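Since the model is a prediction, treat every value here as computed from it, not as a measurement.
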Amino acid sequence: MRKLTTDDILDLREYEREREALRAEVIALKKRRRVNVGEIVTLTFESTDTMRFQVHEMARAERMVSDEQIAHEVETYNALIPEDGELSATLFIEITDGDELRRWLPRLVGIQRSVSLRIGEGEDTVVVSCIPEDEERLTREDVTSTVHYLKFKVPPGAIDALRAGPASIVVDHPAYGAAATLDADQRAELAGDLAGV
């Protein structure tokens, strides 16, 4: 998948003029790339377009105007764009209540190592375990973060099987187990990522 360059990022005035249209496009895109896994875990599969929007929003929020600031953001978010043969996802623990967060986050230590993509069914199922990114910075021994970055290295032969389905995301953690079946739109998005479309 193509990485971002600073030329992909609009200056603040131009972005403000186009923000609503770009935001609507990304919301529609993320809808196809978002997978709710049980009650409190969501994965959003990232792409060049989702990361471009993130850089724009960070530049807007922080009022970044220098080339150096933008280049740093581009470099940071490029790490979340998948390489060839990879899928990249942001895992969110979707709890907003403070008491519930304090109850769940210590229980969910290691959740970033407990996610897999399962393609196919029966004996032909391909299980792709996630590879946590930036684990040292986001996790302590006693409590986890509400956000984790994951990569999935998918074997080339599994792309057609992913497109055809079935496929699911499974969280298999001692304190939280859940699975979500990917629908046809989600499978097409992810297969497109892997095929370089």
Problem - Selection residues 153-174 - residue pairs positive for ring-ring contact (aromatic ring centres under 6.0 Å, His included), sequence neighbours left out - result: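 Listed by first then second residue: nothing to list.
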Handout entry: Sequence neighbours excluded, every pair satisfying ring-ring contact (aromatic ring centres under 6.0 Å, His included) that has a member inside residues 48-68
Key =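 Sorted result for residues 48-68: Y15-H56.
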Under 4.5 Å between side-chain heavy atoms, hopping through other hydrophobics if needed: is there a path connecting [X] to [Y]?
| X | Y | value |
| --- | --- | --- |
| V115 | L182 | yes |
| V65 | V55 | no |
| V170 | L190 | no |
| L4 | L12 | no |
| V126 | L43 | yes |

Quick one: does [X]'s side chain get under 4.5 Å of [Y]'s, heavy atoms only?
| X | Y | result |
| --- | --- | --- |
| K3 | E83 | yes |
| E86 | K153 | yes |
| I81 | E46 | no |
| V74 | M51 | no |
| L101 | R103 | no |

Handout entry: Any side-chain donor near an acceptor of the partner, S114 and D172, under 3.5 Å
Key =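 No, because no side-chain N or O of S114 sits under 3.5 Å from a partner of the opposite role on D172.
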Exercise for the section: Please check if any side-chain donor atom of E94 sits under 3.5 Å from a side-chain acceptor atom of T42, or the reverse. Expected result: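 Looking only at side-chain atoms, T42 and E94 do form a donor-acceptor pair, the distance falling under 3.5 Å.
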Exercise for the section: Show your working on side-chain contact (heavy atoms from CB on, under 4.5 Å) between R33 and S47 and close with a plain yes or no. Expected result: CA-CA 9 Å; R33 302 176 75 81; S47 69; 3.5 Å; yes
Problem - Test salt bridge (charged side-chain N to carboxylate O under 4.0 Å, His left out) applied to E57 and R52, R23, R19, the passing residue - result: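 Result: among R52, R23, R19, R19 is the only option passing the salt bridge (charged side-chain N to carboxylate O under 4.0 Å, His left out) with E57.
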Handout entry: Separation of Y149 OH from L91 CG (nearest 0.5 Å)
Key =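 Reported to 0.5 Å precision, the distance equals 10.5 Å.
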Exercise for the section: Evaluate the side-chain contact (heavy atoms from CB on, under 4.5 Å) criterion for residues F92 and T44: first the C-alpha distance (whole Å), next the side-chain angles of each, then the deciding distance (0.1 Å), finally the verdict. Expected result: CA-CA 8 Å; F92 300 97; T44 300; 3.7 Å; yes
Exercise for the section: Among V154, L150, V35, V127, find the one that has a side-chain contact (heavy atoms from CB on, under 4.5 Å) with L117. Expected result: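 Checked V154, L150, V35, V127 against L117; only one passes side-chain contact (heavy atoms from CB on, under 4.5 Å): V154.
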Practice task
Please report the C-alpha distance between T76 and E73 in whole Å, then the side-chain angles of each, then the deciding distance to 0.1 Å, and finally whether the side chain to side chain donor-acceptor pair (under 3.5 Å) criterion is met.
Solution key: CA-CA 5 Å; T76 298; E73 290 302 304; 5.1 Å; no
Exercise for the section: Just do the side-chain contact (heavy atoms from CB on, under 4.5 Å) check on Y77 and M58 with the steps written out, would you? Expected result: CA-CA 10 Å; Y77 284 98; M58 285 300 297; 3.3 Å; yes
Handout entry: Positive for side-chain hydrogen bond (donor to acceptor under 3.5 Å, both in side chains) with R2, one of T48, D8, N78
Key =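 Testing each of T48, D8, N78 against R2, the sole residue satisfying side-chain hydrogen bond (donor to acceptor under 3.5 Å, both in side chains) is D8.
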Handout entry: Minimal non-hydrogen separation, G165 against R187, with atom names
Key =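 So the minimum-distance heavy-atom pair works out to CA-NE, 3.3 Å.
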Handout entry: Which atom of P155 lies closest to which atom of V128, heavy atoms considered
Key =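 Result for this residue pair: CD-CG2, 4.0 Å.
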Exercise for the section: List the steps, then state whether side-chain contact (heavy atoms from CB on, under 4.5 Å) holds for V171 with I111. Expected result: CA-CA 8 Å; V171 178; I111 195 166; 4.0 Å; yes
Handout entry: All pairs passing side chain to side chain donor-acceptor pair (under 3.5 Å) where residues 118-129 contributes a residue, at least two apart
Key =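 Qualifying pairs: S116-R118.
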